[in-house]
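Computed from a prediction, not measured in an experiment: that's the story for all the values here. In what follows, chains carry the letters A, B, and so on, assigned in the order in which the sequence lines appear, proteins first and then strands, with residues in each chain numbered from 1.
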Amino acid sequence: MDSQSTTPSETLKPDTRAAALEARSFGARYPVTSRDALCGVSFRLMPGERVLLLGASGSGKSTLVAAICGLVPHSSYARIGGSLALFGMNTLQYQPSQLSRRAGVVFQDPDSQLTMLTVEDEVAFGLENLAVEPQQMEQRIHEALSAVGLLNERGTRVDRLSGGMKQRLVIGAILAMQPDMLVLDEPTSNLDPEGAREVALLLRQLALSRPQTTIVLVEHRLDALVALVSRVLVLDRNGALAVDAATDDAFGPLAATLDELDVWLPTSTLALRHLRSNAVQVPGALWSPEHLRGLAARNAEAARLLQLWGAPQRSANTAASAHRSAAPAVTLEDVGFAYQAGRPVLNGVNLQLQRGEMCALVGGNGSGKSTLAALAAGLMRPDRGRVLIEGIDSRRIGAAQIAARVGFVFQNPEHQFVTDKVFDEVAFTLRRTSLDEAEQKQRVERTLQALRLDGLADRNPFELSHGQKRRLSVASMLVAEKDVLIFDEPTFGQDPRALDELLQMVQGLQQRSVAVMIVTHDMELVYRHADRVALLLHGRIARCDSPERLFCDDELLSSAGLELPARLELLRQLQLLPAAVRRHEEVR
Amino acid sequence: MIRRGVFESYELASPLHLVNPAVKLLCSLAVMLFVSLIFDIPTLSAIAGWGLLLVLGLARVRPTVLARAMLPFAIFGLGFLWMNAILPRAAEGQAEALLRLGPLTVWREGLLNGISFAIRALSFGVYSVLFVATTDPTTFVLSLIHQLRVPPRLAYSALAAYRYLPTLHAELAQIRAAHRLRGVGETGGLRGKLQQAYRYTIPLLAAALRRAGRTANAMEARAFTGRQRTWYRTTRLRTVDAGYALLALGGVAAIVVLSARAGTLMLWSGRLWV
Amino acid sequence: MSDNTNSEQFAQPQPAALRRAWTMRETVTLAIIGVVFAFLYLAWVQLWLVLQSVTGPLAMDVLMGFWFSGSMFAAYIIRKPMVAFTTAMLTVIVQILAGNPSGAILLLTGLVQGAGSEVPFALTRWKRYSTPVLMASGATTAVFSFIYTWFRFSYWELATGLVITMLVIRIISGVVLGGLLGRFLAEAVYKTGVTSGLAIDYAKRNTEA
């Protein structure tokens, strides 16, 4: 793939023979910041090449994506060093409107990318911008919509589409513009598992049917999309290019390096890492599921270790068993709830949250998970049945009492900020307690320290990075002793290390006999950490069981639109499912 | 909780949906401006009545929905009614007192003026509803661009911002829930209310501004500049538009002529003071 | 930052926030400020209706300033020509799109108030966005809107003392609830960091430096 010998294109005119994308010591620094967002990045991408761009949060991935289509520096100003050329067009010299004719960008959040109100108008929007003759639009809209499977939705209002459909529409609208390069900036990370599956499938199809299209993919849900790419670029926390390697090298021999760079890895690489750490000899460049299958077939020890790796590993939860005899922290009895009369979201839900346990709540989109969580937190009152929080009916409990007992970490931590300083934010929780001022101050400082926020006490909460915001919202919940703590989608937008830290903290809570509930789509998290999992389907708890038992039930999972945890999915492909989660497979 | 707009996604098809929004808007504005120049109760009532006929007949707005939409105008009108009745300029000269309620006096001339202003407020409402209830957002934006020459960048930004409205409602609901769990009470007099409004407003604005940046990026990344573009759909002026203008404005004109003949018409005399 | 011959070859662009023309981000930002304020105004309408039925149009004068605050907020953040006026108009257009029954009437109100807000900024040639200028903008908006209601509801028919009281109250409201509140909200939002890269950000940094 090394083609540095060809003369680099310095011409201003678009040149089809030029590299699709060429960075030469490319750097960018935003105003006031004291460090470069990107620094000395050099690489060369040929037309038709497919590359995966990885990096921890804050490593400059988004800056690079924005620079490809000229948004940096033309719209978001940054001081540029070196050069970045798209098909020979230096991005300093061309405006985003010109660059976006060659490179189409799909961003993370589908909602903020849509401009028009109907599907058809949305596709037409890009064509209008390219000044395509109106007579030709019909044809191109038809082609684009059929490529993304939305032909039947032509006249549908955009706000009636699911998240996955919206993202497919964005992709279709960009395909209609016939770009030579597709830049995909975490296209599935804002979607639920079903939407993510849909979009990943579509992208795999497109990659096959349009071999000449260059693809730059930024993504951390790798399993479904890694087959698309042949090369991996990894940025480190300083915005420098730390790894530029073929996929097989990156996820094979270089996996340890990638791990240090705090990026997500494919599950099969994690499996191999496990084998290596158990002294199994694995050839360096092997990492894909196919290779693993071959390895397991040849090496019985490897197969055994893989099964062990996939078996449930939660240590016996001593805290939970110690409290089992005590009254549950939250009890839902025959709870029913409807936003609109006659259309119940929940219908006869029974669930108990024990002290010291971690209970996961899973279910498809719109299954009522958030509603159930809000009811359990006493935020809403049930239409039918009752909710007992620490034995008190939620109908008879005041807002202040609820706030004292229940903590809730929202998906968007910003929503719960009520002051304009980090310190005050945590202290706010203690303001009505009997603690004197000095004691409060001490408690707040201790909590900030525990969550690595101590240097930020005077900052505005909104200014923090996403991970810091998340920790702050946890800190403000943890500073006072709560009985119940509910997390909404804790995985969302987290680096692997930040997520690990959060989970360690949660385990600490369990020791302190707090009842923890996690509302999540992340089955891997459920499988590895939850003591119990409740599956919501059609407004009822269809199953409340240990994770390994739930993940045996293929039919239930598929009817709820859920997937297996990543590691179980891999082992299923390898036909190595551990015994604990295999009952049904064996029967067949 | 703040109610949504009365005609948000008001999708009943009516003959008026076929009329170019720019024409509808200009007709309604013309009537409103003209109504400001009329002072007598019979003519004002007839014009308001004509608007009502169009709203119920051509725009097919259900009476209950219309009543809800008109409520603010009614309250607005009532305010003017009693203020004019009690504190008219006429009371400084010679005026006829109709009624004395303790310290308050209701003056005859003031009351008549007040009634005419109340009807004026109502007719403003009717002609506004006539436009708003029958206009599809996309068509309106296109006619802003094609007929009223609004720069495409502005018009499309407005459309993108309009798409943010449901998210805004959802965000507010979440912020309220989150704040309640932090123990921020929803009580506490005017000061508490203001403090609470401030706590809600800042995160709403912050999230909105961030969204604006993302949307603008997405639009630019789709090669949007607002210049040198073609149009998949255009709004044009057609005969039906002329027909509507003729009907709406002609009706008002006819009322004015008839009322002038009958001698009831009172037009603005150019008076600003005295 | 690493030096490279390439970067010298092409001029670095000027920060978009400092150019006179509006960027796409600024245009969408205006529109979205319009949405948020349209939403807040709607809440304010409820308060006003309650007061209005008791105290008559005087309530409108007391509360009026708040309906100007969006323009001041936007002008203070973006600091470019015609921002205040356009924000007022976009707020109205969004309300029409959202199906507010008063939509069409508001178009007239928006024109008048937008023009009123823009005047003081124009007089400084869109160079100064200090507190006095924002207060002045609140005051001129109040005067413009007062002239408009004067015609619409024939204020010459009302008692002289009452009309003067109404004007004074409206100006005070425009200054406080319009200019000062708009500035206050903009300052609070600036502290959250979401305005980075917009004109307010550059202006603040220049004064702090």
Side-chain angles (χ1 to χ4, degrees), chain B residues 2 5-8 10 25 28-29 32 36 69 72 75-76 78-80 82-84 87-92 113 117 124-125 127-129 131-132 135 137 140 153-154 157-162 164-165 168 201-202 204-206 208-213 215-216 219-220 224 271-274, chain C residues 22-36 39-40 42-43 45-46 49 52-53 55-60 73 77 86 89-90 93-108 150-154 156-160 162-163 185 188-189 192 194-195 197:
Chain B
I2 297 151
V6 179
F7 296 107
E8 194 170 332
Y10 192 81
L25 182 61
S28 284
L29 288 180
M32 283 180 211
S36 305
I75 296 176
F76 188 67
L78 275 179
F80 270 99
W82 81 253
M83 184 125 133
N84 272 280
L87 291 167
R89 181 102 191 284
E92 289 163 17
N113 278 333
F117 295 145
F124 265 65
Y127 283 92
S128 183
V129 164
F131 164 71
V132 172
T135 300
F140 174 52
R153 281 164 69 114
L154 279 184
S157 297
L159 201 57
Y162 162 64
Y164 182 63
L165 208 57
L168 190 68
T201 305
I202 301 307
L204 277 182
L205 278 169
L209 259 63
R210 216 177 274 133
R211 158 88 171 229
T215 300
M219 287 167 81
E220 288 199 286
F224 180 72
R271 184 174 157 214
L272 284 179
W273 193 240
V274 187
Chain C
W22 296 356
T23 64
M24 204 60 224
R25 177 178 171 202
E26 285 162 345
T27 317
V28 180
T29 300
L30 292 190
I32 228 154
I33 289 173
V35 175
V36 179
F39 183 72
L40 297 175
L42 223 64
V45 165
Q46 329 258 323
L49 284 177
Q52 168 100 2
S53 53
T55 67
L58 217 55
M60 182 164 80
F73 177 88
I77 282 180
T86 313
M89 294 309 288
L90 283 173
I93 291 179
V94 167
Q95 294 192 60
I96 293 178
L97 291 174
N100 182 338
S102 334
I105 307 167
L106 295 173
L107 209 58
L108 295 174
W150 176 288
F151 280 104
R152 209 176 131 196
F153 294 105
S154 315
W156 56 85
E157 300 283 1
L158 288 170
T160 320
L162 175 67
V163 173
L185 290 176
V189 168
T192 68
V194 298
T195 56

Ranking B:A208, B:G213, B:S36 by heavy-atom pairs under 4.5 Å to chain C gives rank one to B:A208

Contact class of C:M89 relative to chain B, heavy atoms under 4.5 angstrom: neither

Candidate pair B:I202 and C:L185, rule side-chain contact (heavy atoms from CB on, under 4.5 Å), full reasoning: CA-CA 7 Å; B:I202 301 307; C:L185 290 176; 3.9 Å; yes

Carefully, step by step, assess B:L205 and C:F73 under the rule side-chain contact (heavy atoms from CB on, under 4.5 Å). CA-CA 11 Å; B:L205 278 169; C:F73 177 88; 3.9 Å; yes

Region of B:N113 in contact with chain C, defined by heavy-atom distances below 4.5 Å: side chain

Walk me through it: do C:I33 and B:L209 pass the test side-chain contact (heavy atoms from CB on, under 4.5 Å)? CA-CA 7 Å; C:I33 289 173; B:L209 259 63; 3.9 Å; yes

Is the shortest side-chain heavy-atom distance between C:I93 and B:Y162 below 4.5 Å? no

Please flag which part of C:L90 lies under 4.5 Å from any non-hydrogen atom of chain B: side chain, backbone, both or neither. side chain

Could you check which of B:L29, B:L78, B:L25, B:L168 has the highest count of heavy-atom pairs closer than 4.5 Å to chain C? B:L168

Any side-chain heavy atom of C:V28 within less than 4.5 Å of one from B:R153? no

C:L30 portion near chain B, given a 4.5 angstrom heavy-atom threshold: neither

Taking C-beta and beyond as the side chain, do B:F117 and C:R152 meet within less than 4.5 Å on heavy atoms? no

Counting C-beta onward and ignoring hydrogens, is there a side-chain heavy-atom pair between C:N100 and B:V132 closer than 4.5 Å? no

From B:S128 atom OG to C:L106 atom CG, the distance as rounded to the nearest 0.5 Å: 7.0 Å

If you tally heavy-atom pairs under 4.5 Å against chain C, which of B:F140, B:F131, B:W82, B:F80 wins? B:F80

Value rounded to 0.5 Å, distance of CG in C:L107 from CE in B:M32: 9.0 Å

Residue part contacting chain B, namely of C:L162, when any heavy atom lies under 4.5 Å: side chain

Would you confirm whether the ring centroid of C:F39 sits within less than 6.0 angstrom of the ring centroid of B:Y164? no

Relative to chain B, which of C:S154, C:G34, C:G103, C:A188 shows the most heavy atom pairs under 4.5 Å? C:S154

